[in-house]
Each structure stands twice: as C-alpha cells, then as structure tokens.
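Chain naming here is simple, since letters A, B, ... match the order of the sequence lines and numbering starts at 1 in each. Atom set for the values below is all heavy atoms of this structure, side chains included, hydrogens, waters and symmetry mates excluded.
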Amino acid sequence: MYNFEIALALEELADLLEFQGEDFFKIRAYRQAARTLARHPVPVVEVYRQKKLAGLPGVGKNIAAKVSELIEKGYMNKLEELRRQVPPGVREMMALPGVGPKRARLFYDHLGVQTLDDLYRAAQEKKLRRLPGIGSKTEFAIRQHIERLKETPSIHLLNLARLLAREMIAYLGELPGVQRVEITGGTRRWEETVSDLDLLVQTTDWETLAEALRSHPRVVEILEKDENRLQVQTLWGLPLEVLRAAEDNFWPLLVYSTGNKAHLQKLQDFFARRGWHLCEEGVKPLAGVAAEAIAPLPQWQDEEQVYRELGLQYIVPELRQGGEELVLAAAGVLPRLIETGDIKGDLHVHSDWSDGGASIEQLAERARQKGYEYLAITDHSQSLKVARGLSIEQLQEQYRQIDRLNAGFSDFTLLKGMEVDIKMAGELDYPDEILEQADVVVASVHSGFQQEMPAMTRRIMQAIENPHVDIIGHLTGRMLGQRPGYQLDVEKVLELAGKCGKILEINSSPERLDLSPPHVRRALEHGAKIAVNTDAHDLQRLEEIEYGVAVARRAGLTREQVVNTLPLADLRHILRR
DNA sequence: GCCGTTTTCGGCCCGACTGTTTTCAGTCG
C-alpha cells in the first residue's frame with residue numbers, strides 16, 4: 001500500500017466527518033496526518049512495521065490505530081461506517097467550486113439531494129435559490145460546473161498512470177509465458193493527462209495472464225476480454241488496457257499502440273512508400289499494390305528498426321504528435337532532447353520554513369544525492385498566511401542559515417531564493433531591498449484567481465518588469481482535472497518576458513505541468529528562457545523533475561534551452577547576481 | 001484528534017473574496 005493511498009483514506013474520512021459537522025480541529029488533524037503520511041519519505045507501511053506510526057508529526061494514538069487497521073485489514077471501520085451514513089454523492093458535491101460541507105449539508109437536509117444528478121435537477125428546477133444564503137447566481141454557477149464536469153471526459157494524472165504501469169510491468173513480467181511487457185499509449189508519450197493506461201505484452205499464455213490480473217490487489221474486475229485485448233477496471237479508477245502482440249509483430253505494434261493518431265497517419269505515408277501498411281496486426285503488405293512494389297518484410301528486432309526501415313531517424317514517444325517530427329526525422333535533423341540527467345539543480349523548492357515537509361538540510365542532502373550542483377530554497381512570502389509565508393525577519397534568518405550550510409559544502413551550493421507572491425495589483429510581497437538579497441526570485445500568483453484578463457495580464461507583466469524577478473512560477477495557475485488557469489493573455493506576457501530576458505518555469509508537478517509545450521515553444525520564440533522546476537514540498541517530490549523534463553521534451557527542447565542544465569557559474573551569469 | 005520548557009487542558013493560522021446580505025456565512029488558498 002502506497003503512502004498516497006493511506007492519505008486518501010484519511011482525506012475521505014475528513015471530508016465525510018466535515019459533512020457531518022464534526023469539530024473543525026478534529027477534521028484538520030485528520031488532514032494534517034494525511035499530509036504527513038503522503039509526504040513521508042519512506043513507505044508508511046515500513047513505519048507501521050517498526051511500530052513508529054504514532055511518532056510521526058500529527059499522528060497520535062488514534063490515527064495510528066486507524067492507519068494500522070487499514071494496513072492490516074485493507075479497510076478502516078470508521079470510514080466504512082461513514083460511507084454507509086453519508087449519501088454517495090457528497091464528496092463530488094463538495095468538490096464543486098463554491099460548494100463545501102455546509103452547502104452540501106444544506107442541499108441534503110432541505111432538498112434530499114444525494115448525488116450530483118439530484119443537485120443538477122434541483123438547480124434546474126430553481127429550488128436552490130430558495131435556500132438561505134443561496135441566490136440565483138450561485139444556483140447558476142453550480143449548474144454550469146456540473147455541466148462542465150459532465151462534458152469533460154474522465155482524465156487521470158500522468159504520475160498515477162506511470163506508477164500503476166511500473167507496478168503492473170513488474171507484476172506481469174514475472175508471469176510464466178510472458179516475454180515482454182511495455183508501457184504504451186498516451187502514458188508512454190508522457191501526455192499531460194491520460195484517459196487510461198495501455199500496456200503491450202508478448203506472452204505464450206494469455207489465459208494465465210488474465211487470471212493473474214483478475215487476482216491482482218488493485219484490480220476490481222476484468223470488464224472485457226478477447227484474444228488480444230483485456231479491459232480492466234482498477235481500484236484507482238484508472239482504466240487499464242492490456243494488448244497482446246505476437247513475437248513477430250511486437251515492435252510494429254508498439255509503434256501502433258503508442259500513437260498518437262496524427263503521428264500514425266503521417267507515418268502511414270512512409271509505410272506506403274515501401275508498399276506496407278501499419279495496422280493492429282502489425283506491418284502488412286499494402287492492398288492493391290503490385291508485388292514488385294512491396295519491399296520484403298524484415299524480422300523486427302526493436303522499435304528503432306521500424307523507423308530505420310522507413311528511412312527515418314528514431315522518433316522518441318514524446319515527439320510523436322503529428323506535427324513536424326516526421327519532416328525532421330526524414331531530414332535527419334531531430335534535436336537531441338534534454339534528459340533528466342542534464343538537470344544540474346532545482347530552482348523552486350519549499351522547505352519546512354513555510355509549507356514544505358522537509359528541512360533545508362534534508363533537501364540539500366537529497367539534492368546532492370541526485371547529483372545536483374545547486375538547489376534554490378524558495379519558500380512562500382509573508383502574505384501567503386496559509387502556507388506560513390516567511391516574514392522579512394524569518395527570511396533573513398533563513399538566509400543566514402543557508403550561508404552557514406553553504407560553508408560546509410565544497411561541491412554544492414544552496415541558493416537563497418523565495419517564491420514571492422504577485423499581489424492583486426502586481427506589486428510584490430517583499431520590498432526591492434529584500435528581493436535584492438536573494439540569489440533567485442521566483443514570482444507567482446496565489447490569490448485573486450477570478451481577476452479579469454486585462455487585470456491579471458497587467459499584474460503579471462508588472463512582476464516581470466521588476467528587475468529583481470528572475471523566474472515566473474506556474475504561469476497560468478491551472479490545476480489539471482481541477483481548474484483551468486486564470487484569465488490571462490499568455491502571448492503578451494511571454495513577449496514581455498522575452499524582452500526583459502526573464503525565465504519562465506515549467507512546473508513539474510503532475511497536477512500543474514504549467515507551462516504547456518505550446519507555451520514553452522512560444523516563450524522561446526519570444527526570447528524568454530526556460531527553467532524546469534519541481535516546486536517540491538517534500539523530498540519525494542524532488543523526483544517529479546522527470547515530468548517537467550517530459551514537458552520540455554514534448555516541446556522539443558535540447559539541454560541548451562533550459563537554464564538549470566547550466567553549471568552554477570553560468571547560471572549566476574543569467575541571474576545577473 | 002494532536003500536542004506540550006505555556007505539558008494532561010485548552011489551544012490549534014488567516015485574510016480575501018463572493019454572493020448574499022444589511023452585517024455575514026461559506027468557501028478558498
């Protein structure tokens with residue numbers, strides 16, 4: 001059981017208790033414990049085995065007992081009980097913007113609303129506006145949010161898909177008869193979000209594989225099964241599709257199942273030139289073509305060979321988008337893309353001085369283990385109270401500590417940073433003489449998301465114009481699957497960033513992945529610079545750099561186009577400090 | 001429910017925004 005699964009159970013417990021009107025502080029205690037466990041750098045199951053659960057911050061006797069129960073029995077009695085008591089759609093209702101526990105309760109008590117559908121109907125029938133504190137505006141907003149939710153196909157975050165992929169590949173790879181298992185589809189292309197996880201297997205024993213899947217602890221049921229395809233429902237809600245390939249068509253099928261559609265469409269032209277056609281059975285002679293125009297089919301040895309046979313450079317999955325990649329591959333001029341190993345340091349990380357879970361020492365140690373040359377500590381600024389933003393005095397104390405720590409390093413440097421809030425009117429949350437003391441200043445928006453486009457655009461442009469600002473953090477503010485970004489004229493902002501020689505961040509957090517690849521390309525075209533940062537709030541999430549690097553790769557970036565691949569001296573030159 | 005050189009009770013972070021009100025409740029980050 002993963003830490004995040006345990007944390008999710010505690011979160012659900014907190015949500016349901018909140019609906020029941022339980023004491024605010026008790027609920028917060030559950031949420032705090034959930035956060036602690038989610039962020040804990042070693043598996044919580046391990047902590048449980050050592051009987052040290054109750055020693056974790058925010059975890060006392062009671063929560064330790066509940067977590068132990070979950071680990072031992074696979075369920076929590078209290079949670080099961082609450083699930084029986086609380087109507088089924090409550091959590092979905094509470095997830096709607098503008099609806100919290102109080103309003104969900106209000107709808108339930110007065111209108112008997114139990115599900116999102118109930119709520120939608122009540123809104124349509126204009127019943128909500130009759131309730132205390134609810135007007136026509138709120139009613140309309142709720143209707144719209146539910147409509148939007150229904151229109152959006154269910155999407156899943158990439159990190160969840162990749163985690164399940166790792167687990168399933170390890171599991172399936174051990175089965176008798178299984179010769180190969182590869183991740184494929186959108187997950188292999190490192191798409192921002194995925195609709196499912198696709199795996200391609202080569203096995204001599206399909207039945208055993210199906211049986212093994214059925215009994216896997218994270219599999220709910222097998223929805224469909226035929227000769228070459230298994231459709232599986234998993235515990236995480238992420239659909240799993242297992243495709244079967246024979247030995248002689250595994251590599252073509254890997255290309256076929258990886259996609260994307262537009263890439264394959266263009267690729268078919270190259271197959272056709274050899275008298276071939278790629279389909280779900282592999283590479284076949286093209287129908288209606290004279291035999292002499294059909295090139296002999298080779299024995300496929302690996303995926304690279306498929307592209308090579310077509311006269312193309314190998315195209316990595318991240319680039320298979322149906323854009324210019326085939327033209328570049330045909331000309332042999334595909335760039336060598338940036339890799340995770342090229343990253344020399346992270347320029348956006350939070351410590352436990354603000355809302356992070358790890359100390360500066362721990363972060364530095366992990367960064368050094370990762371082979372980084374530098375790490376910027378960028379805690380929140382003073383006005384962001386919920387994130388325990390640092391006062392000027394705290395910030396200066398932190399910088400003194402960083403100086404002390406740096407004195408002990410010979411091959412590594414902690415950079416004095418900050419993630420300074422861009423406030424409502426575009427002013428920054430620390431005065432210039434404080435900004436000046438930092439090695440690196442990340443400026444980001446964390447409030448007033450509802451601003452209209454001109455105001456928000458001006459606001460961020462003003463921050464860019466401040467000579468002390470180096471990097472704009474998570475530019476659009478989007479949260480994948482949760483909320484779109486704020487209203488912003490991205491083009492104008494990128495143009496100004498280019499003029500001012502500023503750096504735009506690719507935020508690696510799988511919930512954000514902000515900038516998107518098209519924005520990354522536009523930023524570069526305008527002459528702005530790019531950094532790949534994690535925005536990590538704990539040790540584990542320093543590893544998420546690979547997701548940001550994937551965004552950079554999908555944008556076609558080389559190492560040279562990302563500033564934090566530079567050695568420190570060169571980076572400092574860019575930071576002009 | 002957790003925590004404690006303020007230690008077994010009584011605290012536990014807050015400020016802005018929105019839509020609804022006529023002074024505020026609920027939500028959000």
**Student:** Please determine, by modelled atom types, if His40(A) and Asn3(A) share a side-chain donor-acceptor pair under 3.5 angstrom.
**Tutor:**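 No, no side-chain donor-acceptor pair sits under 3.5 Å.
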**Student:** I need a per-nucleotide contact map over nucleotides 23-29 of chain B, read 5' to 3'. Cutoff is protein heavy atoms under 4.0 Å; write B for the base, S for backbone only, - otherwise.
**Tutor:** ---SSSB
**Student:** Specify the separation, in whole Å, of atom CG of Leu128(A) and atom C1' of dT18(B).
**Tutor:**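 Nearest whole value for this atom pair: 17 Å.
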**Student:** Using atom NZ of Lys61(A) as one end and atom P of dC3(B) as the other, report the distance to the nearest whole Å.
**Tutor:**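 After rounding, the gap between these two atoms is 12 Å.
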**Student:** Just checking, any donor-acceptor pair under 3.5 angstrom between side chains of Tyr120(A) and Glu147(A)?
**Tutor:**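 The answer is yes; a qualifying pair exists.
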**Student:** Which part of the nucleic acid, if any, lies within reach of Ile134(A) when heavy atoms closer than 4.0 Å are counted: base, sugar-phosphate only, or nothing?
**Tutor:**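 The answer is sugar-phosphate, as Ile134(A) gets under 4.0 Å only of primed atoms, P, OP1 or OP2.
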**Student:** Can a salt bridge be assigned to the pair Arg83(A) and Glu12(A) using a cut-off of 4.0 Å between side-chain N and carboxylate O?
**Tutor:**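 Result for this pair is yes, salt bridge flagged.
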**Student:** When you check the gap from the basic side-chain N to the acidic O, do Arg105(A) and Glu18(A) get nearer than 4.0 Å?
**Tutor:**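 Judged by the 4.0 Å cut-off on N to carboxylate O distance, Arg105(A) and Glu18(A) do not form a salt bridge.
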**Student:** Rounding to an integer number of angstrom, what distance separates dG10(B) and dG26(B) when you compare their C1' atoms?
**Tutor:**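 It comes out at 26 Å once rounded to the nearest Å.
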**Student:** Tell me the interatomic distance from His145(A), atom NE2, to dT18(B), atom P, rounded to whole angstroms.
**Tutor:**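 So the two atoms are 13 Å apart, to the nearest Å.
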**Student:** Counting side-chain heavy atoms from CB outward, which of dC13(B), dG19(B), dC2(B) is closest to Arg388(A)?
**Tutor:**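 Selected nucleotide (nearest to the side chain): dC13(B).
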**Student:** Using the C1' atom as the reference point in each nucleotide, state the distance between dT8(B) and dC3(B) in Å, no decimals.
**Tutor:**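 dT8(B) and dC3(B) have their C1' atoms separated by 10 Å.
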**Student:** Using the C1' atom as the reference point in each nucleotide, state the distance between dT6(B) and dG11(B) in Å, no decimals.
**Tutor:**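 About 10 Å, rounded to a whole number of Å.
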**Student:** Please report the distance, rounded to the nearest Å, between CZ in Arg459(A) and P in dA16(B).
**Tutor:**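 Nearest whole value for this atom pair: 13 Å.
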**Student:** Taking atom P in both dA25(B) and dT20(B), what distance in whole Å separates the two?
**Tutor:**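 dA25(B) and dT20(B) have their P atoms separated by 16 Å.
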**Student:** Mind checking ring pair (Phe, Tyr, Trp, His ring centres under 6.0 Å) for Trp353(A) and listing every partner two or more places apart, or none if nothing turns up?
**Tutor:**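 So Trp353(A) forms no ring pair (Phe, Tyr, Trp, His ring centres under 6.0 Å) with any residue.
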**Student:** Judged by each residue's nearest nucleotide on DNA chain B, which is more toward the 5′ side, Ser383(A) or Pro57(A)?
**Tutor:**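 The 5'-side residue here is Pro57(A).
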**Student:** Roughly how far apart, to the nearest Å, are dC2(B) and dC13(B) at atom P?
**Tutor:**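 Taking atom P in both dC2(B) and dC13(B), they lie 16 Å apart.
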**Student:** Roughly how far apart, to the nearest Å, are dT23(B) and dT18(B) at atom C1'?
**Tutor:**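 After rounding to an integer number of Å, I get 15 Å for this pair.
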**Student:** In this structure, how many angstroms lie between the P atom of dC2(B) and the CZ atom of Arg28(A), rounded?
**Tutor:**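 To the nearest whole Å, that distance equals 13 Å.
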**Student:** Using a cut-off of 4.0 Å on non-hydrogen atoms, how would the nucleic acid contact of Thr36(A) be classed: base, sugar-phosphate, or nothing?
**Tutor:**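 No contact.
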**Student:** Quick one: pull up CG in Asp538(A) and CG in Leu363(A) and give me the separation to the nearest 0.5 Å.
**Tutor:**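 Between Asp538(A) CG and Leu363(A) CG, I get 9.0 Å after rounding to 0.5 Å.
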**Student:** For dC12(B), give the paired nucleotide (Watson-Crick: N1-N3 plus N6-O4 or O6-N4; G-U: N1-O2 and O6-N3; both under 3.5 Å), or none.
**Tutor:**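 Matched dC12(B) with dG1(B) under the 3.5 Å cut-off.
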**Student:** Measure the distance from CG on Asp429(A) to C1' on dA16(B) and round it to the nearest whole Å.
**Tutor:**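 About 14 Å, once rounded to whole Å.
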**Student:** When rounded to the nearest Å, what value does the distance between P atoms of dT21(B) and dT27(B) take?
**Tutor:**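 Pairwise P distance, dT21(B) against dT27(B), rounds to 15 Å.
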**Student:** Which nucleotide wins on minimum distance to the side chain of Lys137(A), given the candidates dT18(B), dG1(B), dG19(B)?
**Tutor:**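 Closest nucleotide among those given: dG19(B).
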**Student:** How close or far is atom P of dC12(B) from atom CD1 of Ile27(A), stated in whole angstroms?
**Tutor:**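 Interatomic distance, CD1 of Ile27(A) to P of dC12(B): 18 Å.
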**Student:** Using a 4.0 Å heavy-atom cut-off across all strands, classify Gln450(A) as base, sugar-phosphate, or nothing.
**Tutor:**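 Contact class for Gln450(A): sugar-phosphate only.
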**Student:** Judged by modelled atom types alone, do Gln124(A) and Arg143(A) share a side-chain donor-acceptor pair under 3.5 Å?
**Tutor:**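 Not at all, the side chains of Gln124(A) and Arg143(A) share no donor-acceptor pair under 3.5 Å.
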**Student:** What's Leu56(A) touching, base or sugar-phosphate or nothing? Going by heavy atoms closer than 4.0 Å.
**Tutor:**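 The residue Leu56(A) makes sugar-phosphate contact but no base contact.
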**Student:** When you check the gap from the basic side-chain N to the acidic O, do Asp15(A) and Arg31(A) get nearer than 4.0 Å?
**Tutor:**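 Answer for the salt bridge query: yes.
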**Student:** Lys66(A) has an atom NZ; how far is it from atom C1' of dC2(B), in whole Å?
**Tutor:**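 In whole Å, dC2(B) C1' and Lys66(A) NZ are 13 Å from each other.
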